[in-house]
Novice: 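I'd like to ask some things about the structure below.
The figures here come from the full heavy-atom set of this structure, side chains too, leaving out hydrogens, waters and symmetry mates.
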There are 2 protein chains.
Amino acid sequence: MHGIRSRCEICPVRNCGLCASLDDQALLALSKFSRRKTLKPHEVIFHEGDISSHYFSVMAGAIKLVKNLADGHQHIIGLIYSPGFAGQCLNSHHTYSAEAATEVELCSYSREPFDIFEKAHPELEHKIFEITVRELDTCRDWMLLLGRKCSYERVAGFLLMMADRLFETGAASPNKNYAHFQLPFTRLEIADYLGLTLETVSRQFSLLKQEKIIALPSSRDVVIADLQLLGAIANIETCSNSVRFDETRLSA
Amino acid sequence: MHGIRSRCEICPVRNCGLCASLDDQALLALSKFSRRKTLKPHEVIFHEGDISSHYFSVMAGAIKLVKNLADGHQHIIGLIYSPGFAGQCLNSHHTYSAEAATEVELCSYSREPFDIFEKAHPELEHKIFEITVRELDTCRDWMLLLGRKCSYERVAGFLLMMADRLFETGAASPNKNYAHFQLPFTRLEIADYLGLTLETVSRQFSLLKQEKIIALPSSRDVVIADLQLLGAIANIETCSNSVRFDETRLSA
DNA sequence: CGGCCAGTTGACGGACCTCAACTGTAGTGG
DNA sequence: CCACTACAGTTGAGGTCCGTCAACTGGCCG
């Protein structure tokens, strides 16, 4: 019991995740049906179609939400970073899969006791509600990207999102015009997130590099040299309106 | 006072919308800062960037959520039918616009009193939470459509969604293999919803018609002749894998 | 009748996908 | 140490789906 208690006290997301809404006493009760897990990249957390038996808090790292297609391709419909929450709240079955995108630390909660606990703690449900609303907002932004933007803009949007992560976590200063980070994804994963192929993603990386908007010391090592310009590209309204340097021009 | 009370009592969504979570007394309190509105198609409910001052219940008809692009194009990121809910719950400003898709009856609530009221009525927040979770689910399905499906599949998916509406509202029997309904949207609106152009939408309608999967007595009057087949097309995993009849084949 | 708008259909070009060859890096084993 | 494999990533060639532009049809209304 004491062990559980102290486990939560040193939790990295005690004050910013789900649990931030709970006092110590409630947290202790919650911890009784929670379990900590560490996963390696690509380990499956739950699978599309499975019965939803647990909820998950992301304490460190990131997980990806995936819809699988019959031909082996997949589409990534969401990324959840720490502090984050995943799980099917109303359905009995999962409508998508989840797997570790990086090395991940999770806190898993058995669904039934959690649901009961949640009813007794409206502040917890409110917290999950907040998370869901934000998720819906980013999901709708992504719909615009998938529905209306060309590959160049999509990749720019993706890199911008990655850079924003740095600022959110305080790992970089938002008023600077550059950013530097390690990509935790392969070109294929990025493609599956952007609705493109890995070749197209690679080409757009190369273009951005040639335009000196980014630099690639190695393929996973991204330096954004001009964040403002990248932002302008990502928000360009239509592809044809944008003045951009494509392969035909470069080869001319 | 009595007028307001009786107004809610005859409300078509009293027992299925937001208010279904409330007893008569709470409903009376809510009605004090609510107002009923009727809008014609294309009337704007709120605009992207505006301060969010109201929430809305959709009592009859449908509204569309829209992101506008600089070039005059727009992308429809969601449709909300009765009974439904719209409004920006956490942000101070709207991140998208909303307008009447059909003739619409709304119930609008001033945001500040509603937020206070909601805190005192967890069952209301729970209801909104439920609606948000479902919205997120359909949003993620739509991401798959936008990211991975070809125009033929998208249009099939759209028509299927329209048909599902009939079954949900009880206007048709779900075990039948056909459906018949009036489209409340122009080809352009459908295109803006599917991330296509109106010409492409029109072509796919024509293809489906030639395949005798649908019939079009008039352009807005859709008869789905083979719902199962339409469903199979909509869920086809990749475009290239699908055996479908395209223009090249038809012209051969 | 003419004007207007929604919708259809055709011709053409371009962006992206497919297939394929190649490079670079890391790991394994002789 | 080098050969060999395996895999991520890059780059090229060619084809196709869909967007663009344009002409045409049909219904509606003054």
Side-chain angles (χ1 to χ4, degrees), chain A residues 41-42 69 71-73 75 145-155 182-192 194-210 214 216-222 236-242 244-252, chain B residues 41-42 69 71-73 75 145-155 182-192 194-210 214 216-222 236-242 244-252:
Chain A
H42 302 112
L69 300 159
D71 58 4
H73 285 139
H75 191 75
L145 180 142
L146 293 174
R148 288 286 174 219
K149 293 186 180 173
C150 71
S151 61
Y152 192 66
E153 295 159 11
R154 291 189 202 195
V155 171
Q182 300 292 320
L183 270 181
F185 304 110
T186 64
R187 297 289 186 266
L188 177 59
E189 285 175 309
I190 298 169
D192 285 340
L194 297 176
L196 300 169
T197 59
L198 68 92
E199 293 94 333
T200 301
V201 171
S202 179
R203 279 184 241 273
Q204 303 314 317
F205 268 92
S206 299
L207 280 177
L208 288 166
K209 194 167 82 177
Q210 287 186 60
I214 65 169
L216 293 170
S218 83
S219 63
R220 298 294 192 93
D221 199 15
V222 180
I236 278 171
E237 305 309 337
T238 68
C239 197
S240 49
N241 283 355
S242 68
R244 62 187 192 80
F245 305 81
D246 56 22
E247 286 166 306
T248 55
R249 165 159 176 180
L250 287 165
S251 60
Chain B
H42 302 112
L69 300 158
D71 58 4
H73 285 138
H75 191 75
L145 180 140
L146 293 174
R148 288 287 175 219
K149 293 186 181 173
C150 69
S151 59
Y152 192 65
E153 295 159 12
R154 291 188 203 195
V155 171
Q182 300 293 318
L183 270 182
F185 304 109
T186 65
R187 297 290 186 264
L188 177 59
E189 286 175 309
I190 297 169
D192 284 341
L194 297 175
L196 300 168
T197 58
L198 68 93
E199 292 94 334
T200 300
V201 170
S202 179
R203 278 184 242 273
Q204 303 315 316
F205 268 92
S206 298
L207 279 176
L208 288 166
K209 194 167 82 176
Q210 285 185 61
I214 66 170
L216 292 170
S218 82
S219 64
R220 298 292 193 93
D221 199 12
V222 179
I236 277 171
E237 306 310 337
T238 66
C239 197
S240 49
N241 283 355
S242 69
R244 62 186 193 81
F245 305 80
D246 56 22
E247 285 166 308
T248 56
R249 168 161 174 181
L250 286 166
S251 60

Novice: Suppose we screen for salt bridge (Lys or Arg N to Asp or Glu O under 4.0 Å). Which residues come up paired with A:E199, at least two apart in sequence or across chains?
Specialist: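 Counting only residues at least two positions away or on another chain, A:E199 forms no salt bridge (Lys or Arg N to Asp or Glu O under 4.0 Å).
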
Novice: Measure from CG on A:L188 to C1' on D:dT10 and round the result to the nearest Å.
Specialist: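 After rounding, the gap between these two atoms is 15 Å.
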
Novice: Reckon B:L198 touches a base, only the sugar-phosphate, or nothing at all at heavy-atom distances under 4.0 Å?
Specialist: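 Answer is base: heavy atoms of B:L198 come under 4.0 Å of a base.
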
Novice: Tell me which nucleotide among C:dC17, D:dG9, C:dC16 gets nearest to the side chain of A:R187.
Specialist: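 Ranking C:dC17, D:dG9, C:dC16 by closest atom to the A:R187 side chain puts D:dG9 first.
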
Novice: Using whole Å, report how far OH of B:Y152 lies from C1' of D:dT16.
Specialist: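 Computing the B:Y152:OH to D:dT16:C1' distance gives 17 Å.
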
Novice: Report the residues that fulfil side chain to side chain donor-acceptor pair (under 3.5 Å) with B:S202, sequence neighbours left out, ordered by chain and then residue number.
Specialist: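 Checked B:S202 against side chain to side chain donor-acceptor pair (under 3.5 Å); zero matches.
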
Novice: Give me the distances for all protein-to-nucleotides 21-26 of chain D N/O pairs that come in under 3.5 Å?
Specialist:
residue : atom : partner : partner atom : Å
D:dC21  : N4   : B:E199  : OE2          : 3.2

Novice: Between A:L196 and B:S202, which has a closest nucleotide on DNA chain C that is more 5'?
Specialist: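 Result: B:S202.
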
Novice: Give, for atom CD of A:Q204 and atom CZ of A:R154, the distance between the pair rounded to the nearest 0.5 Å.
Specialist: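 Going from the CD atom of A:Q204 to the CZ atom of A:R154 covers 10.5 Å.
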
Novice: For B:T186, what residues pass the side-chain contact (heavy atoms from CB on, under 4.5 Å) criterion, not counting sequence neighbours?
Specialist: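 In terms of side-chain contact (heavy atoms from CB on, under 4.5 Å), with neighbours along the sequence ignored, B:T186 is linked to B:L188, B:E189, B:R220.
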
Novice: Against B:L208, only a single residue in B:L216, B:V155, B:V222 fulfils side chain to side chain contact (heavy atoms under 4.5 Å, CB included); can you say which?
Specialist: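 Among the candidates, only B:V155 passes.
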
Novice: Without decimals, in angstroms, what is the distance between B:I190 CD1 and D:dG19 C1'?
Specialist: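 Distance, rounded to whole Å: 18 Å.
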
Novice: What integer distance in Å separates A:E153:CD from C:dG14:P?
Specialist: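 Value for this atom pair: 18 Å.
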
